[in-house]
2 protein chains.
Amino acid sequence: MRIGELSRRTGIPIRMLRYYEERGLLTPQRAPSGYRHYQEADVEQATLVSSLVRSGLPTRLILPLLRDKQLNPMDRDETDDGGDDLVALFAAEFARLDSQVKCLSFSRNAVQQHLRQLRATRVGHTPTGT
Amino acid sequence: MRIGELSRRTGIPIRMLRYYEERGLLTPQRAPSGYRHYQEADVEQATLVSSLVRSGLPTRLILPLLRDKQLNPMDRDETDDGGDDLVALFAAEFARLDSQVKCLSFSRNAVQQHLRQLRATRVGHTPTGT
DNA sequence: CGTGTAAGGAATTCTGACACG
DNA sequence: CGTGTAAGGAATTCTGACACG
């Protein structure tokens, strides 16, 4: 599929799909016309990348993470490069994401409870103002 | 307790505790000296407020949510004011928080898995470079 | 660093029409 | 009828650049 369809199917702006490619996170084939040509599997990969980017992971960390994912579970041994640095960076990101999830979940629940309260209280005040 | 202790116990910067008060989200008593004096219950309330603020809820929405929480579960009826507007705003915030939590959880898991992979692969390369 | 946007050009696709055998 | 084609316009995609927080 071309970039427009991938964008529609993933909800990711075309601009960002091009950017992911620029960062090596997505490597579509090219038609003679120069148009990008994506595989079916790129739908999932683009979604993963987008999620990670929106979560605040720098693209330079996403690259090795993707490599990890693509390897056969067997011949994955001395393949990694970064070493301790990478481990530390990912550990830091994990800690950040973990605490952020907790904070947001807590708030989400508080808002949800309040919302229930609001709706329970006003039952049939105005029959849906819209 | 005074503001310093509350700050230590909650991890919330003094600057923010004063700000919450300015927005009516925390209403400590005042000593003759002018020092703020917080109740034990303010520890929890400050934590809640902080979480909501960091989650991106505007303080003007946090205020009614707190009022809701403080009421006796019984005489909570015509107490609300905003009406439909408020419901819509909170519904929107809930949706935002919900999708954000999903995105971050997904990323968190991906990073965690990669982290495990990294650590499993490099067992005893360099005995902790630090 | 991630994202939006305006710019100018190239490739693609669409429709309705005409031609041909 | 099925099929090819020229025509004009619209939608899509391309790149490199600037802007922003």
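Each chain gets a letter, A, B and so on, in the order its sequence line appears, and its residues count up from 1.
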Rounded interatomic separation in angstrom, taking CZ from A/Arg30 and P from D/dT13: 12 Å
Residue pairs, two or more places apart or on separate chains, that pass salt bridge (charged side-chain N to carboxylate O under 4.0 Å, His left out) and touch residues 45-66 of chain B: none
Working for side-chain contact (heavy atoms from CB on, under 4.5 Å), residues A/Val53 and A/Tyr19: CA-CA 11 Å; A/Val53 166; A/Tyr19 178 64; 6.0 Å; no
For B/Glu5, salt bridge (charged side-chain N to carboxylate O under 4.0 Å, His left out) partners two or more places apart: B/Arg9
Side chains of A/Gln29 and A/Gln39 in contact at under 4.5 Å (non-hydrogen atoms): yes
Nearest-angstrom distance from the residue atom CG of A/Leu17 to C1' of D/dC14: 14 Å
A/Leu89 CG - C/dC1 C1' separation (whole Å): 16 Å
Spacing of CZ belonging to A/Phe94 relative to OG belonging to A/Ser99, to within rounding of 0.5 Å: 10.0 Å
Salt bridge (charged side-chain N to carboxylate O under 4.0 Å, His left out): pairs with one or both residues in residues 28-37 of chain B, sequence neighbours excluded: B/Glu21-B/Arg30, B/Glu21-B/Arg36
side-chain hydrogen bond (donor to acceptor under 3.5 Å, both in side chains) evaluation trace for B/Thr47 with B/Thr10: CA-CA 6 Å; B/Thr47 302; B/Thr10 59; 5.7 Å; no
Length of the line joining A/Glu21:CD and D/dG16:P, which is rounded to integer Å: 12 Å
Rounded interatomic separation in angstrom, taking CD1 from A/Ile14 and P from C/dA6: 15 Å
Residue whose closest nucleotide on DNA chain C lies nearer the 5' end, A/Ala31 versus A/Met16: A/Met16
Polar-atom pairs under 3.5 Å, protein N or O versus N or O of nucleotides 18-21 of chain D: list them with distances, or write none.
none

B/Leu97/B/Leu57 under side-chain contact (heavy atoms from CB on, under 4.5 Å): CA gap, chis, key distance, verdict: CA-CA 9 Å; B/Leu97 290 171; B/Leu57 247 82; 3.9 Å; yes
Distance in angstrom units between A/Ile62 CD1 and C/dG2 C1', rounded: 11 Å
Interatomic distance where CD1 belongs to A/Ile3 and C1' belongs to D/dC14 [whole Å]: 9 Å
Test side chain to side chain contact (heavy atoms under 4.5 Å, CB included) applied to A/Tyr20 and A/Thr27, A/Ile12, A/Asp42, A/Ile62, the passing residue: A/Ile12
Nucleotide of D/dT15, C/dT3, D/dT12 approaching A/Tyr20 most closely (side-chain heavy atoms): C/dT3
Dot-bracket notation for DNA chain D, counting Watson-Crick and G-U pairs under 3.5 Å, with | for partners on another strand: |||||.||.|.|.||.|||||
Heavy-atom closest pair, residues B/Val49 and B/Leu25: CG1-CD1, 3.8 Å
Sugar-phosphate, base or nothing in reach of A/Arg8, heavy atoms under 4.0 Å: nothing
Integer-rounded Å distance: C/dC1 P and A/Leu61 CG: 11 Å
Stretch residues 32-60 of chain A: residues that reach within less than 4.0 Å of DNA chain D through a heavy atom: A/Gly34, A/Tyr35, A/Arg36
A/Leu61 side chain near A/Leu65 side chain, heavy-atom distance below 4.5 Å: no
Side chains of B/Val87 and A/Arg119 in contact at under 4.5 Å (non-hydrogen atoms): yes
Sugar-phosphate, base or nothing in reach of A/Arg18, heavy atoms under 4.0 Å: base
